[in-house]
Amino acid sequence: MSDADVDSDARQFSRALMVAIESGDVDVQATAWSDVRDVLARLSESRAIHGASPSETATFVLSLKQPIFHALRRRATDQNQLADLIWTASTLLDQLGLLVTELHQKAREGVIARQQQEMMELSTPVITLWEGVLALPVIGTLDSARTQVVMESLLQRIVDTGSVIAILDITGVPTVDTLVAQHLLKTVAAARLMGADCIISGIRPQIAQTIVHLGVDLNAVTTKATLADAFALALRRLGKAVTRTPPRSESASLTPAASAGA
Amino acid sequence: MTSLSAESLPVETSEHVVSVRQAVRRRAVELGFSLVDQTKIITAASELARNAIQHGGGGEVIIETIALQGRRGLRLAFADRGPGIADVARAMTDGYSTAGGLGLGLSGAKRLSHEFAIEAAPGTGTRVVIVRWK
Amino acid sequence: MERIPILKMSGFLLVSIQVDMHDQLAMQLQDDLTNRIATSGARGVLIDISALEIVDSFIGRMLANIAAMSRVLDAETVVVGMQPAVAITLVELGMSMPGVRTALDVDRGMALLNASRAAGDTGHDDVPVS
């Protein structure tokens with residue numbers, strides 16, 4: 001945050017503050033203070049997004065205390081009046097400080113929620129492997145909320161693409177607990193109700209152990225060791241086959257001995 | 001919990017099951033529920049409405065849009081005039097049925113909701129309340 | 001009295017459920033359909049539920065019943081077009097309908113029926129049929 005930004009923020013804030021104080025109302029939630037609140041909301045948000053801490057943001061407001069107290073001391077005619085004035089000013093600034101902290105917090109929460117959403121979408125890419133075959137490589141820990149997003153996007157893509165086989169590859173999933181295993185089973189069951197088959201691939205040995213120890217019944221589900229095996233099975237089910245063909249001319253030119261007739 | 005708006009519908013015939021579903025859908029859409037959330041709460045409503053008719057001899061439902069700590073949700077309170085349920089725990093098990101159904105009504109509705117409460121002392125009718133938050 | 005229409009096409013019966021069914025209407029459909037299977041000699045039934053916004057345990061049970069009854073009457077039933085939200089909810093409800101065959105849409109359901117009819121009619125896997 002540059003000095004010029006701080007300067008312009010400070011100017012806007014003090015201008016709005018002056019107008020609000022003129023009103024004589026000392027409740028910062030009152031309408032007279034709406035400009036002040038707007039200025040603070042905007043600057044808390046931009047600071048929160050740029051990674052400032054809540055105390056840094058609050059200091060912006062609270063650092064006004066000293067100059068204001070000095071000014072009051074100069075103006076005050078007697079001790080009692082000074083005490084009253086300082087009390088009013090102090091209460092006001094505390095309210096504003098709390099308000100700023102709250103706004104900062106809210107902005108941070110907004111950032112986190114947005115990032116979570118983005119990560120969720122990024123981490124659940126549904127890929128078309130072949131006409132009629134979808135793959136969903138799941139990477140990272142599956143919790144209840146994420147599994148639900150994964151499940152819904154996979155099922156929606158099945159409808160959108162008219163795919164009859166979906167491969168759920170969990171090579172990138174470190175651990176599976178009972179709840180997640182059940183979510184996977186539910187996904188498979190839901191896909192079947194829609195008329196598509198699910199194959200689960202990439203189950204790690206330790207996950208296989210966990211599944212058996214937890215007593216989760218995966219008998220109704222087709223499982224394959226790797227995504228490649230699952231894909232081969234999918235093609236077989238679609239009545240397609242991968243065959244070996246003679247090497248192409250590029251490779252033939254590298255090794256003249258293997259002629260095109262091979 | 002604040003009630004934002006509420007309506008009461010009769011639950012006496014199987015046509016009422018359809019009108020309860022439609023009323024619940026209308027409110028779920030108003031609240032901006034996702035399609036899956038809409039489907040879940042409508043299905044739960046359908047199960048409970050049918051239960052109230054088949055086992056409780058009919059009754060009514062209060063459908064309410066509620067708010068709590070910044071969250072909004074849908075609250076459905078079914079009350080019937082039936083004999084109540086002697087063994088609530090047993091009635092909540094999957095597959096337990098007294099009417100030759102699948103026995104998924106109560107347990108299924110619970111799984112489809114975020115909150116579930118049942119009061120069913122014998123002789124006072126059954127009251128089931130479910131909430132699904134946005 | 002309102003009824004869900006049952007169409008006959010190329011040896012199959014096709015039902016497309018377009019309305020939010022109340023329970024009597026569902027029971028009526030179950031009756032009508034089993035009667036039509038018997039009288040028409042159809043060997044396959046397609047039930048298109050792509051327009052249904054919910055399937056609760058009652059409708060789920062009706063679908064499972066139709067599938068079981070048609071099997072007794074020597075006809076195969078395929079339920080087609082269930083929406084993702086409906087499928088998720090039905091599984092959460094505790095109904096995975098293991099006895100019911102499913103397909104993504106009417107075309108694929110028809111292909112499934114043709115394939116199983118071909119396999120069933122010949123009784124020999126090695127005899128090519130078209």
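Every value quoted in this text rests on a predicted model; they were computed, and no experiment measured them. Numbers restart at 1 for each chain; the letters A, B, ... are given by sequence-line order, proteins then strands.
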So CG of C/L52 and OG1 of B/T39: to nearest 0.5 Å the spacing works out to 11.5 Å

As an exercise, state the distance from OG of B/S46 to CG of C/D20, rounded to the nearest 0.5 Å. 8.0 Å

Rounded to the nearest 0.5 Å, what separation is found between the CD atom of C/E92 and the CZ atom of B/R111? 7.0 Å

At what distance, to the nearest 0.5 angstrom, does CD of C/E53 lie from CG of B/L35? 8.0 Å

So C/L93 and B/K40, do their side chains get closer than 4.5 Å, heavy atoms only? no

Cut-off 3.5 Å, side chains only: do C/D23 and B/S14 have a donor facing an acceptor? no

C/I54 vs B/R21, test: side-chain contact (heavy atoms from CB on, under 4.5 Å). Steps then yes/no. CA-CA 9 Å; C/I54 73 143; B/R21 288 203 290 252; 3.3 Å; yes

Quick check: are there more than 12 heavy atoms from other residues, nucleotides or ligands sitting under 6.0 Å from CE of C/M9? no

So which residue, B/T13, B/T43, B/V17, ends up with the most heavy-atom pairs under 4.5 Å with chain C? B/T43

By a 4.5 Å heavy-atom criterion (distance strictly below it), what part of B/Q22 contacts chain C: side chain, backbone, both, or neither? side chain

NZ/C/K8: more than 12 non-hydrogen atoms of other groups inside 6.0 Å: yes

Is chain C contacted by the side chain of B/R50, its backbone, both, or neither, given a heavy-atom distance below 4.5 Å? side chain

